[in-house]
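Keep in mind that the numbers below use all heavy atoms, side chains included, and drop hydrogens, waters and symmetry copies.
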Amino acid sequence: MGAIDVFAEVNGMPLADAAARFAAAGVPVFPCVPGEKRPLVRRGFHDASTDPQQVAAWWSRWPAANIGIPTGAPSGVEVVDVDVHQAGTGFPAFRAAHREGYAAGWAALVRTPSGGLHAYYPADSERVQSSWQAARAHVDFRGDGGYIIAPPSQVLRPSGVRAPYRLIVTSGDTPTPVDAARLREFLDPRTPIPIDRTRPERVSRRGSDAKVLAGWVAGRGEGERNRGLFWAACRLAEAGTPPDATLEALGPAAEHAGLGAREIMATIRSAYRTTHPAPRAVTDSGLDERRLVRESPGRMLS
């Protein structure tokens, strides 16, 4: 039994019981901050476990923790994340991709707290597909090297209300893996698929390309996210990008990687102070923390 089979069972369960149920079904889980998407464990999704004692210990310590599931080979599922936020919605692009056969074969559809959608697909055991972000289409893909927040987890919305991840439907047909490369090319043909690089210096030739940088930041793992965001923000600052534009380009990608709104703000501020030492360069930009928290689109696999 896999993650898809468990979704219907865990609806309405306490989070600790739901986490235990996923683990019992062989689906590795790890705890995330209550009401948020940030991991509570040091290595994030790399620490995900099916060990019942470990899972019980985590949720005994953090009974309200959200449930994170690593995507790709560890769990056997990959997710197409359809975003809904102030900058736009990914539903038109997703519907077009589904209509053309690039996103057919889903195994389950989950409504996200923002009103978006997680479409779950079985992972292809013979093909590694890394996570990416198609910012222009407002659609993300979470495969190897990524994770997702699973039902019945909840996220605290800007209104102060906690909204759940909720199973809509499971497929009655035989699910099939999605070809992530073909899907990305269909969604955003002008943006190259980002290569998962561990050293930011290697993308320096394209350092002023906001979309490439955003895709690279979105793929950063635990221990690399803050440094990667700082480096990318410095590159945009050096290219003369206004701070608000850098926030718009990199903020959702950093959230997708697991950083919180205030941490994103602090890192971007630090990058601009480093590249433009005069304090007024950032202060006068209108890049205020309350705006970030209020408008933060919460793109991380949701």
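- Between the R184 side chain and the Q133 main chain, a donor and an acceptor come within less than 3.5 Å of each other.
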Side chain to side chain contact (heavy atoms under 4.5 Å, CB included) between V139 and D81, worked out: CA-CA 6 Å; V139 174; D81 176 21; over 6 Å; no
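- For the pair T267 (side chain) and L229 (backbone), a donor-acceptor distance under 3.5 Å is absent.
- Using a 4.5 Å heavy-atom threshold, the side chains of L183 and V80 count as touching.
- Counting heavy atoms from C-beta on, the side chains of P152 and F7 never come closer than 4.5 Å.
- The shortest heavy-atom contact between A253 and A214 is CB-O, 3.2 Å.
- Hydrophobic cluster membership differs between F230 and Y272, with clusters built from Ile, Leu, Val, Met, Phe, Trp and Tyr side chains linked at under 4.5 angstrom.
- Using cut-offs of 30° and 60° for the angle between ring planes, the Y147 and F45 rings count as tilted.
- Connection of L156 to V33 is not established within any shared hydrophobic cluster, with ILVMFWY side chains joined at heavy-atom distances below 4.5 Å, either directly or through further cluster members.
- Counting heavy atoms from C-beta outward, V110 and L117 have side chains that stay 4.5 Å or more apart.
- Inter-residue side-chain proximity for W106 and P175 is flagged as unmet; no heavy-atom pair is nearer than 4.5 Å.
- Side-chain contact between D17 and F22 is absent, with no heavy-atom pair separated by less than 4.5 Å.
- A donor-acceptor pair under 3.5 Å is absent between the side-chain atoms of D83 and the main chain of G90, judged by distance alone.
- A donor-acceptor pair under 3.5 Å links the side-chain atoms of Q129 to the main chain of A180, judged by distance alone.
- The closest side-chain heavy-atom distance from Y121 to V79 is not below 4.5 Å.
- For the pair Y165 and I149, the minimum side-chain heavy-atom distance is below 4.5 Å.
- Side chain of R182 to backbone of F186: no donor-acceptor contact under 3.5 angstrom is found.
- Side chains of P34 and L40 form a contact here, defined as non-hydrogen atoms less than 4.5 Å apart.
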